[in-house]
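Everything below concerns the one structure shown next.
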Amino acid sequence: MTARVATGLDLAPTNGERHRTLWQDAARRFLRNRLAVIGLAIVLLFLFLAVFADLVAPFPYDKVYFDRVLRFPFELPGHPLGTDEVGRDYLSRLIYGARTSMTVGVAVQMVAFLIGVPLGSLAGYVGGRTDFIISRFIDTMTAFPGLMFSILIISVWGGGITKVIFALSITSWIGIARLTRGQILSLREKEYVEAARCTGVSQNRIILRHLLPNALTPILVSISFGIPAAIFGEAGLSFLGIGINDPIPSWGKMVGVSNAYVRVYWHLALFPTIAVALAMLGFSFVGDGLRDALAPKMIE
Amino acid sequence: MKTQAVRRTRWFTYGLPLLLLLGLLLQACVPAAGPEAMEPASEEAMEETAGNVTVYGTELPADAKPYDEQVYRVAADINQSASTFDFPVAVYNRYCLADLFQDTLVSLDKDFNVIPGAAESWDVSEDGKVWSFHLRPGQVWSDGTPLTAYDYEATFRLTATPEHGWDFSWFYSFLADGGIKNWSKIIAGELPPEELGVRAVDDLTLEVETEDVFPPLPGVMKFAFTLQKKALEEHGPYYNSSLETSVSSGPFVLAEFDPGNKIVVEANPTYKGFRPPLIKRMECIFMDPSTFFAAYQNGDIDKVPYGALTPADFELILRDEEMAGNYLRHFGDCRTDYLRVDTFTEPFDDINVRKAFAHAVDRENIVANVYGEIKAMPAYSMLMPGYPSSDTEGNLREYQNYDCDEANEHLAAAGYPGGEGFPDLVMMLRGEAPAMAAVYQAVAASITECLNINLEISNVDRKVYMDALNAKPTQLTFGAVDYGMDFLDPANLLGNVWKSGGRHSWKNDEFDALVTEAAGMVGNPELRDQMFRDAERVLVDDVGGIFIAHRWAGDLMQSWVQGTIRDADSQGITGWHWGNDQDISLIYITE
Amino acid sequence: MASRHRITNSDNAMARYILGRILSLILVLFVVSVVTFFLMHQVPGGPFDETKAPLPPAAKENILRKYGLDKPIHIQYLNYMKNAVLHFDFGIPYQQPTTTVTALIAKSWKVTAQVGVMTVLLAFGVGITLGIYAAYHQNSWIDNITTFIAMLGITVPSFVVAMWLILFFAVRLKWLPMGGWNASDSCLLGSKFVCTDWIMPVVAYALGPLAIIARYTRSSMVDVMRQDFTRTARAKGLGNRAIMLRHILRNALIPMVTALGVIIPNLLTGSIFIEAVFRINGLGKFFVTSIFNRDYPMIMALFLLIAFLWSLTYLFTDIIYTWIDPRVRLGAEGGA
């Protein structure tokens, strides 16, 4: 919303043009949005770092130099961001930290998509008792204290990246399911769906070919907001010391550990917090931009 | 029209945020409230130091403040749960200033020799199984009731009662042959508590019978605390958690009880025991451990234990000459950090793999750079130098010293030349805080770099870790632990801890035979000592564990806290000594 | 706006709606209690310490019996629920056996509530002010700053903001204490009336909700200002102040309620991080320590408390919506 305001973008072109131009228009609108482009650049940078960390990082993330423990930025050549409490290059650990964050962010949203969309579509399209049961289920899950369940689950099964993804996925699909259900509910009354139904098109085909593609836009936007939420979730758990296993770096863990060192070694706290903030901002900008570009009239 | 709107609404749009900002700034600019407590004592008090005596009539040292100002202040962790002052009620759930309301049967001196406590002497029967402890005559409770052996008897029976569910009841079972007679059967409900091998013979004689011959038993009686039998019967075990019912036969009595805020004890005027205190009051102030150091710098508390100091705090202490001089480093409970391996399954069933790991840990560098030398010394074996029968000479170093070439030879001999084909491993940590997690990351890095293998570290919840460790067969292939002594004899840190069937998945018949025989040996201390030394050699040679470091404990004290606490033991170590109850009574406050 | 007749009608609908929602609240609490109870008993370990050595089976049984953990798990559950529902007795926390769960929560809740109330006050005070100002001065520098703060507050986790504040105000400038809450040396006049150690936790914590509020306020203000009735009112000669108070603030109520609905339940769980960073001795730490200590009664109580608060806030915000904005249709679920 803020992004829209910033660019004064309210001039939605008339809806209902052909499919191809819809996406082209969206892309044009997105690229005209300055913040969205900045966000995209940040996201692409982090994705690049995540994928090519091995090539970009000056040191492996677990390479220890016992004679270089807790050095400040630029104190030693070759360690522009200093070293950590074990004697590892902090810049390299930050770069590898992007890999952890991106993996968790994307994986959690994939799981959310794979659970939320089928469940939501089922509830929205079939309706009746199925809808009632699924809706109650969603309502119940909404009231679950998600963070505490994540803590409990990791206590049961231990930490590690897959377990963190699992723990965060437990509640991540709820929003998407709710959204999909709502979208399908409103779309299935539309004329073209009625028409398809009358001409005897099968249910699966109606859902897959007619309803879902049209419901996809808000889902896409929701996912682009879900990724930073998952990154935040991982960072939060790791911050509390129960997320990603050592020696694999995670920004949240780096922030959490730095708490014991911050009185002297400020750099341990500063850089990972900037990384987390940048990642969150980047994805949110992209999310805002996507929403404005894809559905200019959609409000919240 | 619009500009007008702006002007006329300014009070609203600016006012509120400005007010809020102003409020914040005002708060921000005011310096932390001045510490009035720091005011020096008045001069007239100085003149009156002649005749500066305690409630027991003892003359205070010349540099001491007046008796009324002899107040020693410690901090308590506000987050820690607690329910009792008394060891026999719940060991792991005690308030600060615990265990000052009674004396244990024995105490230890600075060199860890057993010395008389509430008991002035003891002797053992012909067969070596029945010990008689003779209480000092004339000791009384603060309500006037005499302290008798029946109080100790009632206390021991309480701790063995199944319904009491004592959290330390594992200990006497853990001593096995050295345990108190019938202990295990009583806690299992097979025998009544009256059958326990602890009996009052008369008012001043307490008999302790063990399952088998156990020479270190007097040292174990450091855990022989007592509750008052009368209070126990009238008010139940928690009688000390209330000002009305609290009663003490120790050097202090409860004066204020407001847990979560402040606990105060004062010198017990009726005390007749072996350690009458010089200080008049002890205050325990509840705060968060992270604020201990700031409170110390502020002069609000007199001591910060090392556990509450972050690595950054240590850095600040070491940079400051005065603070560094007032950091009293000591043995703590002779704690050793080590890696435990499951020698019954792959890959650690191969002695060469174990040796490879033992030689791959760069202890010196890890201690110097990651622990910091103020907090640890490199370990090549289980017993910290200074502990009885420990390797103070460094004879055992060669078995587990850092030697990457040798490590790789062993790894190759095990069939993994250059680390090839070695399975990926997970090193489990037991809920370690950042500073120790950093140490084990350094250990893991040292191993992976030297041996070219893959290691991941999983820092799991303590209870999850112990569950995996204690499972039979163990589910813990490779993990880091630490262990501090339960009592001061190698029969504990070698025997109870390392004998097969205990907590480690390691079995060595020679070791078992040595420690079993030595533990029960009477009359030949030299041979006993040598047998424990031989046993430890077997332990490090057969790599039952990979030893990393012995931990130095320590306390940051205020410069005005003086007393025997600052005296060194025979090895030059000052500070608190485990099991020593006298130092707390001999501290005093100077200007 | 609405005639009396319509109100009675909707009162009826409202009653039925609330009843339905209360029933579903009970269902939610039931499900949460079952899942939590059985899940937490899956975690290895128990309320005993096996750090030194495995407990002898007999000693372990004694401890389990002491805590009533020797019975089959479904019996334990039924016992727990019986005490909780009938007697409002949530048991004894294993961490502090001389008190009760209810008393412990009530005690620690005070600090968390203090943080929460101050956070809400700051977030609403500054958030609304900023939002209104930004709406009145669109594209001014204040508007841009508001937009920036909103972005930062919404996206950046509170513990990150907290670390920045610590780095700057405690480590660098040394103006404010690193942590603590109501620490005597940080309070003015030796009282617990105004303490400097409140500033950083509250600011760090308030930034998120503040951002949400500012954003909502600004956008709804902009909408309202564009609407005809405002122009009409202005044309009729009503003073600007009157316009603002009568029409605009009323319309800003909805975003406030929305924000409140998001903030209140988060005050509890969110405080985990703030209390961890600033070492505040409130309820937050129990979320972690209860699980670490296998303090079953405490875990149950906290989970139920949060689930209850969430559901209740949803219910209330829904009701308030319909009350302040009759256009919101009752029971209109789903559908965009």
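Note that this is a predicted model, so its numbers are computed, not measured.
In terms of heavy-atom pairs under 4.5 Å with chain A, the best-connected choice from B:I366, B:V439, B:L309 is B:I366.
Interface remark: A:I248 contributes side-chain atoms only to the contact with chain B (heavy atom separation under 4.5 Å). Heavy atoms of B:Y465 lying under 4.5 Å from chain A are absent altogether. When heavy atoms are compared at a cutoff of 4.5 Å, A:V69 approaches chain B solely by way of its side chain, counted from C-beta outward. When heavy atoms are compared at a cutoff of 4.5 Å, A:Y265 approaches chain B solely by way of its side chain, counted from C-beta outward. With a 4.5 Å cut-off on non-hydrogen atoms, B:A444 does not touch chain A at all. Heavy atoms of B:E315 lying under 4.5 Å from chain A belong exclusively to its side chain. In this structure, the portion of A:R88 lying under 4.5 Å from any heavy atom of chain B is its side chain and not its backbone. Residue contact with chain A, scored on non-hydrogen atoms closer than 4.5 Å, is absent for B:L429.
Of all the heavy atoms in A:P247 and B:E456, the pair that sits closest is CD-CA, 4.2 Å. Of all non-hydrogen atoms in B:A445 and A:D62, the two that sit nearest each other are CB-O, 3.9 Å. When every heavy atom of B:P311 is checked against every heavy atom of A:A260, the shortest pair comes out as CD-O, 3.8 Å.
When atom types are taken as modelled, the side chain of B:N369 and the backbone of A:F66 share a donor-acceptor pair closer than 3.5 angstrom.
Between B:R319 and A:V264, the closest side-chain pair of non-hydrogen atoms falls below 4.5 Å.
The number of heavy-atom neighbours closer than 6.0 Å to CE of B:M377, taken from other residues, nucleotides and ligands shown, is above 12. Sparse packing is recorded around CZ of A:F166, with 12 or fewer heavy atoms of other residues, nucleotides or ligands lying under 6.0 Å away. Atom CD of B:E364 has more than 12 neighbouring heavy atoms from other residues, nucleotides or ligands inside a 6.0 Å radius.
One finds the CG atom of A:D246 at 11.0 Å from the CD atom of B:E432 (value rounded to the nearest 0.5 Å).
Every residue meeting the ring-ring contact (aromatic ring centres under 6.0 Å, His included) condition with A:F149, not counting sequence neighbours, appears here in chain and number order: A:F144, C:F303.
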